[in-house]
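Report on the structure given below.
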Amino acid sequence: MLAKFMHNYRSFTLTDRLDRYWQLGYAGLLFAGLLFFVSCAFYKEMWFDEAYTVAMVRHDFFRICEITARDVHPPLYYMLAKLASLVWGQDIVVYRLVSVTGMLLFVLLGVSHIRRLCGDRAGLYFTFFAVFLPVMLEYSGEARMYSWAMFFTTGAGIYAYLAYRQNQWYHWVLFAALSLGSAYTHNYALLGAFFINLSLLIAVFTRNRYLLKPCLLTILAQIILYLPWLFVLISQIVAVTQEYWIVINYQHLLRDLLVFYFAENLPSLAIKLLSFGWLAVCGFGLYTAVKEKKHYTGIALNSLAIYLAVLGLALILSQVKPIFITRYLMPNSGFLFIALACGLAAVRRQGVAAVLCTVIFIASSANFYLHYDKIYSPQNNALRADVTYSLKPDDIFLYTDIHPAGIYMVAFPQHQHYMFFPGGQEESKPNPFQPELRFIYDLNALASYQGRIWLIEGANSQLLYGHLGKSEPVFKVIDFARVYDMPYLSHKGFVFVGSLLQKEPGPVPPLPAQE
């Protein structure tokens, strides 16, 4: 009897000690995620998509819905940012912290739900991927909807599985709520929600028909609650088929897909080696999990199937009109992480997994240093600082590129801004930059204006400087064109040229004919 007691005591002690190790591991990852994500949210400069968010949040909730209805994104993220602005004020840092919050909630899914469903090891690897894959740092600190889209879709998938396995009413409710959150956050998250619902319906119909009633009621509730936006989505689809800015480079598409999660600030060779090692080791482990019939195999394979189904459908639809770029992988990335985390947990030699994670951690630390140095570089403020130094109350701004137009309209909202589209037609489509940003299609819209003009153009799309600078005496160049190669914006592909002109009243000379 004493021997039996000692055996049980020893087992309890070892288990308790092991649990503490797991808890310390999760706590360390959560702290690292908080440090990584929050420390990269306080820089002030922004690129166009973030400026779009800032401009959007200035409007009321009804106007946000109206503008997004005429664009291609659903309104939920902007509403979350709007709610945050009502409490903490209208500031780009506030909106970035909203994105950080979504990313931390996504990380917590590994600590809480993935851990319980797939085991400590798989949960730890999921959390590790969510914190240390370089792409996560990029999207956690931008004022956009991707972190929330990941949280909603992954959460919806988890609660769909729990509803199927345990049939608790609150699982069905949370599944529906998170699924709707996905649909109202990003259209690729909507695709993820669609395949989650479809896979659940197929599983219920083929295996557990006694769940058919709650399953159908939950899906019906989602359809009813999404119905108001469904008509908007249809109009958006029609608009996209007529005109959309995306161009897919199929020659490099496979490479771009494979390296996406590492391709931020690291050298090209390192990106390729890391991507190959990550996918190869985790993929082989997933094969081992299937072969050995691990208890989490079903979750892993279903998750991978949803991820690939969204990607496959997007590429099929892109044959009609290109609608896919690699950042649209983000909303459903949680499903890939679940599959690969389960695969890494099934690797027989966990020393290999430890080496892989160590290499990823080193690469992530280097990526963090490079990213931090880039976003907090004083050079990012060069153009804004030069304008602020010389700006007068009656100055106006003129652009030929929508990217600087959005950024500097947000930076200087008290001035009038003009976006010049030569030969274009009047746009009825609302945009969040109105009324400060006005679209003009003939420079004679400025014929009666007398004063100074800040002309800001893309370095590769200078349309007006050379022409207007030679059009004396209507325009006089006060400050010759200066190139602003700012680290954060140039990382996004934007280098601007700023000039200051003095305009006299009178007709504007026509642009030379385009060849």
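No donor-acceptor pair under 3.5 Å is formed between the side chain of S364 and the backbone N or O of I360. Formation of a donor-acceptor pair under 3.5 Å by the S147 side chain with backbone atoms of S99 is found in this model. The main-chain N or O of K272 is never found under 3.5 Å from a side-chain atom of S275 such that the two would form a donor-acceptor pair. With hydrogens and angles ignored, the 3.5 Å screen pairs no side-chain donor or acceptor of N208 with any backbone N or O of A203. Panel note: side chain S377, backbone K374; no donor-acceptor pair is recorded below 3.5 Å.
A donor atom on one side chain and an acceptor atom on the other are not found under 3.5 Å apart for H73 and D71. A side-chain N or O of Y399 and one of H417 form a donor-acceptor pair less than 3.5 Å apart. A donor and an acceptor atom, one from each side chain of S179 and N197, are located under 3.5 Å apart. A side-chain N or O of Y159 and one of H113 form a donor-acceptor pair less than 3.5 Å apart.
Two residues are said to be in side-chain contact when any heavy atoms from C-beta on lie closer than 4.5 Å; L311 and L257 meet this criterion.
Ring centroid separation for the pair Y328 and H186 comes in under the 6.0 Å cut-off. Proximity of the aromatic rings of Y261 and F337 is defined here by a centroid distance below 6.0 angstrom, and this criterion is met.
Rounding to the nearest 0.5 Å gives a distance of 6.5 Å between CZ of R96 and CE of M46.
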Please list, one pair per line, the donor and acceptor atoms closer than 3.5 Å that link side chains of residues 26-40 to other protein atoms, with sequence neighbours excluded.
from	atom 1	to	atom 2	distance (Å)
Y26	OH	D120	O	2.7
Y26	OH	L124	N	2.9
S39	OG	L35	O	2.6
S39	OG	F36	O	3.2

